[in-house]
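We count ligands from 1, going down the list as the structure has it; atoms in each ligand are counted the same way.
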Amino acid sequence: MEIFKYSASISKEISSLKNHGISFGFVPTMGALHEGHASLIRKSKSENIFTVVSIFVNPTQFNNPGDLEKYPRTEKEDLKLIEDLGVDFVFMPEISEIYPEKDLRIFDFNGLDTVMEGQFRPGHFNGVAQVVSKLFKIIQPDKAYFGKKDFQQLAVIRMMNKKYFGNKNIKIVACDIVRETDGLAMSSRNVRLSPEHRKSAVNISQTLFKYQKNNKNYTVNQLKNLVTKEIDADKNLKTEYFEIVDNTTLKPVEQIIPGKTTGCIAVFAGDVRLIDNVSFS
Ligand code: AMP
């Protein structure tokens, strides 16, 4: 496994290998790796000759400075996991390497970035697009792997890829959500939960699963009210939003269309903000 800190050196190495017909899969991460990240890496390994993982805690996607400061950093353990998984290249740049300039680019995602996460985390997706577009230019992968856990992020990345990288032909691969055995979606933020909040957090996915299964008995508005009410009945949890949206436009729907509709939620468990989603069929 080779670790790179500089864009120029990893770009050069990759282009030369690509000239020899080596295919590249790319898994961007912010570190504090868990089984969710590992599943993306395994998928990339199974579909490409070489796999590149980036570890970069991207400051421009944090609208809350406290959240950035508290973001878990576990570099040593991350590198061990990545090496055990057989990753070829790791890209771990400094902030100045990714953001040498002061002025940042403004993207236009036709409103995909202003609902749900975008409404409560203004500028978040512009920051995500900022970093992913820079990483795509540096790595120039054949395929890039993203988790459905960040459902809205996936929609934004797909649009960014189509709009800004159309001619580069990078294939975006969506990977299923990996969950703890009790159903909680794995997240780097879970380590910040107190034991009491960790126990409560299971109610998020369990409530989503319950209404995913019984969705045909309710209207969309009833589902939204019931999910929010049941989660907030736990004094350790506070729902920020629960929206039922069209998979492509991310616009709220009035009726569930099987296979085309997803329920997306953000919940505070104490001061830890968790997101999850379920697709309705
Ligand atoms: P992050 O390090 O949180 O930026 O996540 C890096 C990538 O891993 C993103 O594409 C996430 O969607 C994905 N990811 C994070 N958690 C999970 C999970 N529980 N299951 C599947 N993918 C995940």
The closest protein heavy-atom partner of atom 10 (O) of ligand 1 is G147 N, 2.9 Å
May I ask you to say whether D78 pairs ionically with R73, meaning some side-chain N is under 4.0 Å from a carboxylate O? no
for atom 6 (C) of ligand 1, nearest protein heavy atom and its distance come out as P28 O, 3.4 Å
- Message: Using a strict threshold of under 4.0 Å (side-chain N to carboxylate O), is an ion pair present between K5 and E97?
- Response: no
Contact region, F151 to ligand 1, non-hydrogen atoms below 4.0 Å, reads neither
message = Taking G36's backbone N and O only, do any of them form a donor-acceptor pair with S39's side chain (distance below 3.5 Å, no angle check)?
response = yes
Q.
Salt bridge or not between R121 and D113? Use side-chain N to carboxylate O under 4.0 Å.
A. no
Start with the C-alpha distance between N58 and Q61, add both sets of side-chain angles, then the distance that settles side-chain hydrogen bond (donor to acceptor under 3.5 Å, both in side chains), and finish with yes or no. CA-CA 6 Å; N58 174 36; Q61 73 186 70; 3.0 Å; yes
- prompt: Do M186 and ligand 1 have an N or O pair less than 3.5 Å apart?
  reply: yes
the protein heavy atom lying closest to atom 11 (C) of ligand 1 turns out to be D150 OD2, 3.1 Å
Any heavy atom of H34 under 4.0 Å from ligand 1? The part involved is side chain
Logged contact type for L154 with ligand 1, heavy-atom cut-off 4.0 Å, is neither
F146 heavy atoms within 4.0 Å reach ligand 1 at atoms 10 (O)
Check: Any N/O of H37 closer than 3.5 Å to an N/O of ligand 1?
Finding: yes
**Prompt:** Are the side chain of N161 and the backbone of I170 linked by a donor-acceptor contact shorter than 3.5 Å?
**Reply:** yes
Taking only non-hydrogen atoms of I177 and a 4.0 Å limit, the atoms of ligand 1 in range are 20 (N), 21 (C)
- Less than 3.5 Å between some nitrogen or oxygen of V178 and one of ligand 1, yes or no? yes
- Task: Would you confirm whether E243, through its side chain, and G263, through its main-chain N or O, come within 3.5 Å as a donor-acceptor pair?
- Result: no
Decide whether the shortest distance between a heavy atom of D176 and an atom of ligand 1 is less than 4.0 Å. yes
If we number the atoms of ligand 1 from 1 as shown, the ones under 4.0 Å from a heavy atom of L40 are 7 (C), 8 (O), 10 (O), 13 (C), 22 (N)
Atom 3 (O) of ligand 1: closest protein heavy atom, distance to 0.1 Å, is Y71 OH, 3.8 Å
Next item on the list: Considering only NZ, NE, NH1 and NH2 on the basic side and carboxylate oxygens on the acidic side, decide whether K238 and D232 come within less than 4.0 Å.
Entry: yes
* Salt bridge flag under 4.0 Å for residues E35 and R179 -> no
Per-atom filter on ligand 1: closer than 4.0 angstrom to a heavy atom of T29 are 2 (O), 6 (C)
**Prompt:** Is the shortest distance from a Lys or Arg side-chain nitrogen in D246 or K251 to a carboxylate oxygen in the other one below 4.0 Å?
**Reply:** no
Honestly, for A32 the part within reach of ligand 1 (heavy atoms, under 4.0 Å) is neither
Step by step, work out the side-chain hydrogen bond (donor to acceptor under 3.5 Å, both in side chains) result for Y218 and N225.
CA-CA 10 Å; Y218 303 101; N225 289 334; over 6 Å; no
Note: M30, heavy atoms under 4.0 Å from ligand 1, region reported as both
